[in-house]
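Every chain is numbered from 1 and lettered A, B, ... according to where its sequence line falls, protein lines coming before strand lines.
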Amino acid sequence: MLDSKIPQGPIESKWTKYKSTVPLVNPANKRSLEIIVVGTGLAGASAAATLAELGYKVKAFCFQDSPRRAHSIAAQGGINAAKNYQNDGDSVYRLFYDTIKGGDYRAREANVHRLAEVSGNIIDQSVASGVPFAREYGGLLSNRSFGGTQVQRTFYAAGQTGQQLLLGAYSGLQRQVGLGNVRLFSRHEMLDVVNIDGKCRGIIARDLVSGKLERHFGHAVLLCTGGYGNVFFLSTNAMGSNVTAAWKAHKKGAFFGNPCYTQIHPTCIPVSGDHQSKLTLMSESLRNDGRIWVPKRKEDAAAIREGKLNPNDLKEEDRDYYLERRYPAFGNLVPRDVASRAAKERCDAGFGVNKTGEAVYLDFAFNMKYKYGKQVATLKHISNPTEEQLTAFGHEVIKEKYGNLFDMYKQITGVDPYKNPMMIYPAVHYTMGGLWVDYNLMTTVPGLYALGEANFSDHGANRLGASALMQGLADGYFVIPYTIGAYLANEISVKPISTDHEAFVKAENEVSDRLNKLLAIKGTKPVDYFHKRLGKIMWDKCGMARNVEGLTWAISEIQKIREEFWKDVRVPGDANEFNPELEKAGRVADFIELGELMCKDALERNESCGGHFREDHQTEEGEALRDDENFKHVAAWQFNEVGNWSLHKEDLVYENIKIAQRSYK
Amino acid sequence: MSGNMNINLKVWRQKNGKSQGKLVDYKVEGVSPDMSFLEMFDVLNDRLVSEGKDEPIAFDHDCREGICGMCSMYINGRPHGPNQGVTTCQLHMRSFKDGDTIVVEPWRAAAFPVIKDLAVDRSAFDRIIASGGFISVNTGNAQDANSLPIPKDNADEAFAAAACIGCGACVAACKNSSAMLFVSAKVSQLALLPQGDPERNTRVLNMVAQMDTEGFGACTNTGACSAECPKEISLTNIARLNREYFAAQLGSDRS
Amino acid sequence: MNWITKMFSSSLGQKLIMALTGLFLCSFLIIHMVGNLQLFKHDAGLAFNKYAVFMTTNPLIKTTSYLLYAAILFHAFKGIALVFQNKKARPVKYQAFDGKANSHWSSRNMGILGTIILVFIAVHMSNFWWQYKFGTVPYTRYTENIQTGEIQSDYMPDNFTMNSKMEEQSEGLMKVTIVKDLFRSVELGFKEIWLVALYIIAMAALSFHLYHGFKSAFQTMGLNHKKYNGAINFIGIGVFAILIPIGFAAMPLYFFIK
């Protein structure tokens with residue numbers, strides 16, 4: 001049975017009490033305890049730096065050439081914190097409540113409350129370490145509202161909040177590297193965990209430059225390795241983002257929680273052709289001023305697709321502002337999952353507007369003219385502005401607010417979004433699922449932890465905007481430094497285990513065999529061929545909308561891909577050199593196995609919730625229909641062998657929040 | 001194939017850090033103008049793998065949206081290619097013409113040794129940051145974030161400097177392989193913020209010392225770094241670094 | 001290592017040396033220019049020759065001039081050393097290098113421009129300064145009518161010599177000055193086309209060198225500020241890259257054509 005180790009007591013005091021009673025490790029003992037941190041994003045960098053500050057001996061690993069390049073860097077929007085600087089009624093409880101509700105009542109109360117409690121400290125810590133957040137003229141921090149919340153609690157640094165926070169955490173990490181408290185292993189990829197007597201005791205890593213396998217001992221291992229959105233091939237994740245570390249841990253005993261919960265972001269730049277390698281997000285903030293539409297008539301949509309009709313020439317009454325039509329209260333600002341599904345629904349029905357038929361318009365013309373243009377005209381005391389004047393005035397305002405995003409759009413598509421409506425389409429953005437962890441962030445393998453996007457714990461079935469950065473830093477700066485003590489306090493007598501131990505030798509041999517096997521296949525198809533095929537199946541059948549038939553088909557199809565992959569993949573070069581194709585092959589092999597589990601989980605969960613939408617579980621109006629009676633639990637999967645898992649359930653108990661149906665009408 | 005452009009590539013191939021390298025010609029057909037420059041390399045690499053004659057070309061890349069700083073190609077004599085304010089991954093083939101010949105080389109600097117083909121080792125940058133590019137504040141030490149008002153102009157200027165992605169284009173563009181723009185961006189960011197003040201002298205002295213140890217050249221103010229910087233980091237940062245350095249040497253107890 | 005050597009051996013410190021010596025040399029250029037403008041005076045070279053005597057005998061100026069020579073040598077050899085040091089920072093060259101896309105030609109060629117100027121200075125000094133100090137420069141007698149300002153000049157015999165560079169005597173309204181006639185060396189020298197060509201090339205090099213060097217020196221000293229950049233650019237380009245090189249180039253041309 002899964003024990004989530006949630007402390008007793010009222011929710012407001014659980015964490016405070018826990019911190020005061022958790023066993024401590026004395027400073028002298030910390031120096032002889034070694035901790036391995038895999039991944040150097042927000043969670044990994046902040047954890048490695050903080051643990052080193054406390055006196056532990058830390059080794060940090062990342063596959064990139066520098067820890068600063070982890071994909072946390074690409075987060076645009078901001079980071080939430082219950083600071084209530086704006087005096088608009090925010091509080092820890094509200095942030096807690098919004099997060100649970102946004103997650104469609106599928107997250108663990110105690111973890112989320114703790115997250116909300118430490119959110120304020122994150123801002124303090126980041127500012128102290130030099131993160132240049134946006135400020136008001138008085139010199140104090142600026143906030144904006146984000147993701148449809150009713151309070152302004154999002155801190156930001158232009159559209160580069162993730163970058164600035166990561167560089168803050170990275171500088172703290174590098175400081176510890178300089179002091180000799182952290183040993184940094186960049187261009188190293190973790191390829192297995194090593195368990196000895198039921199506890200995690202180290203990892204096998206490959207030096208990506210020389211290709212050599214290395215054994216590293218640790219009293220504890222922290223996986224801060226991010227999400228697995230790249231299982232879809234096309235996503236907003238970085239090319240290198242992968243599930244391998246988490247998947248190896250899963251195969252060595254760590255349960256995988258809620259793998260089917262995937263967040264699809266509604267405003268990404270559509271796919272332009274077969275060559276597409278990744279998708280680019282356009283900040284959600286664009287939905288504040290852009291109106292989303294498709295043509296009302298299929299003939300018009302077809303004419304637009306063929307380039308015979310200019311969308312600017314389509315009359316107002318021939319346009320379908322479908323979000324405003326379906327959700328009059330929230331309109332274009334409905335949550336991400338709702339907006340994404342609505343776009344898919346229109347495109348599936350044949351109203352899509354780009355060559356591939358998978359795009360909708362995000363149109364700024366109306367607000368440019370009649371919202372901002374009129375405002376400026378009023379300021380300039382022009383009582384009867386011409387249409388041209390309005391457009392010109394509004395243009396300036398839009399440019400100031402979104403200039404860099406508009407430039408980026410033009411750079412990628414070659415189309416000027418000031419003159420033509422933007423085209424957008426949903427894309428995979430974040431995975432709420434991940435390794436199952438208890439309140440201490442420990443997986444089902446003692447001594448093996450998972451932090452940040454790599455774990456499943458805080459976002460339930462759907463993540464709110466600006467909460468990913470918050471969770472990564474909360475886990476690394478403020479949670480793990482305490483909770484790891486609960487484990488390590490009992491490990492102080494354990495002397496470092498020699499990496500000549502048979503478990504290390506065995507694990508290294510397994511890794512080496514697998515690499516050699518990949519190289520020995522010498523088939524006919526490059527790795528990407530399989531990855532693209534997998535991605536298409538996942539997107540079509542386990543993406544924005546899922547059904548029993550599709551998922552069942554997908555599982556058998558993925559199994560076929562797996563077999564074919566291990567027979568026909570072609571990996572050039574050899575293992576003892578810098579070999580990006582070999583790295584990719586290993587990762588895709590893991591994605592194939594994960595893809596099957598995701599479909600299995602999606603099939604098992606006979607309800608719709610958050611990022612998991614089952615077509616057979618919807619209201620008459622096409623909204624997600626939860627089944628709280630049967631599925632108010634975390635699905636934690638135990639790996640038996642490839643293609644074979646056992647399901648464990650952690651019941652979710654809501655003592656502080658009343659469960660309700662989400663409504664955005 | 002999804003497009004109709006034909007591109008002639010001359011790509012630097014080098015087996016590893018110890019071997020000699022040379023430019024090798026490749027012809028890529030059916031290139032779409034909507035492809036990114038790196039996607040064209042994906043297409044070429046897929047072909048090379050399928051043909052099995054030549055190993056695919058190794059190159060660094062990750063986020064492919066211009067923020068991680070990993071991509072690093074020196075294209076027709078310029079880091080990140082012909083366009084201003086973009087990284088290689090944001091460069092699209094519509095910036096080239098059908099039939100163009102494009103020379104692609106790795107960043108060149110003694111401090112950035114080639115690992116393979118177009119991938120270089122930029123860990124020198126990490127060591128420079130480790131020598132002083134931080135504020136020494138342990139987790140939990142921090143005071144309330146709003147207890148320290150910072151003039152908006154300073155905060156904005158610090159942010160503009162902090163936008164550096166550490167890609168190394170400045171070093172690649174500079175005829176002296178100088179890392180001054182990179183170092184100055186970090187020194188500036190922290191010098192402009194009150195949080196950075198207590199360590200300002202040691203920071204600049206240590207970072208400059210590490211920069212020199214790594215083997216980067218001296219700055220001759222050509223401005224190439226800033227002109228090629230995908231984040232358009234300003235040369236005023238280098239002036240500020242100079243000020244900070246001489247002030248620390250001449251006006252503080254440190255050296 | 002004490003802090004001074006540490007500072008000046010750092011890459012920033014070495015650049016500071018270049019900046020400070022460079023600006024010092026710039027200040028000399030102005031003085032040299034102003035003094036040499038006397039070449040254009042219609043007095044058969046009297047004022048110029050007097051100025052030459054003053055510059056080579058006044059103790060303060062003499063001291064400064066030795067400082068100047070040291071600065072020239074230091075600036076030149078430090079500059080050359082830096083060029084080689086900077087080359088070492090890129091052991092493998094690019095096959096395709098498009099410098100003009102991101103920087104001004106002069107900024108990338110300060111070493112070459114500086115070398116041309118150094119060669120020029122060597123020729124220039126050996127032609128005039130060396131000759132004047134250690135060689136045989138003939139004397140000329142000027143007879144100046146104080147009332148009318150009329151000047152009559154007479155070459156002294158080639159073998160004429162005296163203990164000082166200049167002697168002045170007044171006879172009523174006539175003031176007689178016998179002085180080493182550097183002006184005549186200038187006049188003669190600039191009839192040589194190769195020398196005139198060298199001077200013009202060198203002044204072009206000086207123009208480009210200062211076009212970049214002047215403002216670069218301020219950047220190195222940390223002065224890059226929107227309030228002052230306008231003035232620095234104006235002086236750097238207007239005075240040092242245009243007026244001074246044109247002024248200096250005009251001298252050999254003037255004598256060549258005259």
Worksheet item: Using non-hydrogen atoms only, which part of B/R94 is less than 4.5 Å away from chain A: side chain, backbone, both, or neither?
Response: side chain

Worksheet, complete the sentence: For A/P526 and B/D46 the tightest heavy-atom approach is CB-OD1, 3.6 Å

Fill in: Whether A/D65 side chain and B/M70 backbone form a donor-acceptor pair below 3.5 Å
no

Response to the item:
Bottom line for B/I150: the part with an atom under 4.5 Å from chain A's heavy atoms is both

Discussion item. Between A/S72 and chain B, with a heavy-atom cut-off of 4.5 Å, which part of the residue counts as in contact: side chain, backbone, both or neither?
Written reply: neither

Discussion item. One thing to verify: whether A/R187 and B/D121 come together as a salt bridge, which I'm taking to mean a side-chain N less than 4.0 angstrom from a carboxylate O.
Written reply: no

Item to complete: Counting only heavy atoms closer than 4.5 Å, note whether B/A163 contacts chain A via side chain, backbone, both or neither.
Response: both

Worksheet, complete the sentence: Under 4.5 Å to a heavy atom of chain B? For A/N121 that would be neither

Worksheet item: Which region of B/S136, side chain (C-beta onward) or backbone (N, CA, C, O), has a non-hydrogen atom less than 4.5 Å from a non-hydrogen atom of chain A, or is it both or neither?
Response: both

Discussion item. For the interface with chain B, which of A/Y170, A/F478, A/F133 has the highest count of heavy-atom pairs at distances below 4.5 Å?
Written reply: A/Y170

Practice prompt. Against chain B, label A/E136 side chain, backbone, both or neither, depending on which of its atoms sit under 4.5 Å from a heavy atom there.
Written response: backbone

Fill in: Heavy-atom contact with chain B under 4.5 Å, split by part of A/E583
neither

Item to complete: Start with the C-alpha gap between B/D126 and A/R68, add the side-chain angles, then the distance that decides, and say whether salt bridge (charged side-chain N to carboxylate O under 4.0 Å, His left out) holds.
Response: CA-CA 9 Å; B/D126 289 328; A/R68 66 182 292 153; 5.9 Å; no

Worksheet entry | Side chain, backbone, both or neither of B/L38 within contact of chain A (heavy atoms, under 4.5 Å) | neither

Discussion item. Only pairs of heavy atoms separated by less than 4.5 Å count here; which of B/G52, B/P194, B/G196 has the most with chain A?
Written reply: B/G52

Discussion item. Less than 4.5 Å to any heavy atom of chain A: does that hold for the side chain of B/V120, its backbone, both, or neither?
Written reply: backbone

Item to complete: Tell me, for B/I129 versus chain A, whether the close heavy atoms (under 4.5 Å) come from the side chain, the backbone, both or neither.
Response: both

Worksheet item: Is it the side chain or the backbone of B/Q189 that comes within 4.5 Å of chain A heavy atoms, both, or neither?
Response: side chain

Discussion item. Does any backbone or side-chain atom of B/N83 lie under 4.5 Å from a heavy atom of chain A? Answer side chain, backbone, both or neither.
Written reply: side chain

Worksheet item: Where the side chain of A/R570 meets the backbone of B/V49, is there a donor-acceptor pair that is under 3.5 Å apart?
Response: yes

Fill in: Region of A/Y85 that comes under 4.5 Å of a non-hydrogen atom in chain B
side chain

Worksheet, complete the sentence: When every non-hydrogen atom of B/V137 is compared with those of A/Q125, the smallest separation belongs to O-NE2, 3.5 Å

Item to complete: Apply the test side-chain contact (heavy atoms from CB on, under 4.5 Å) to residues A/F63 and B/D62: give CA-CA distance (whole Å), side-chain angles for both, the deciding distance (0.1 Å), then the verdict.
Response: CA-CA 10 Å; A/F63 72 80; B/D62 199 22; 4.1 Å; yes

Item to complete: Would you mind checking which part of B/I165 comes under 4.5 Å of any heavy atom in chain A, side chain (CB onward), backbone (N, CA, C, O), both or neither?
Response: both

Fill in: Option passing side-chain contact (heavy atoms from CB on, under 4.5 Å) with A/T280 (candidates B/R64, B/Q90, B/E65)
B/E65

Worksheet item: Quick one: does A/E53's side chain have a donor or acceptor within less than 3.5 Å of a partner on B/N138's backbone?
Response: no

Worksheet entry | Leading residue by heavy atom contact count with chain A [cutoff under 4.5 Å; candidates B/A58, B/S147, B/G166] | B/G166

Item to complete: Go through the atoms of B/D34 and report whether side chain, backbone, both or neither lie under 4.5 Å from a heavy atom of chain A.
Response: both

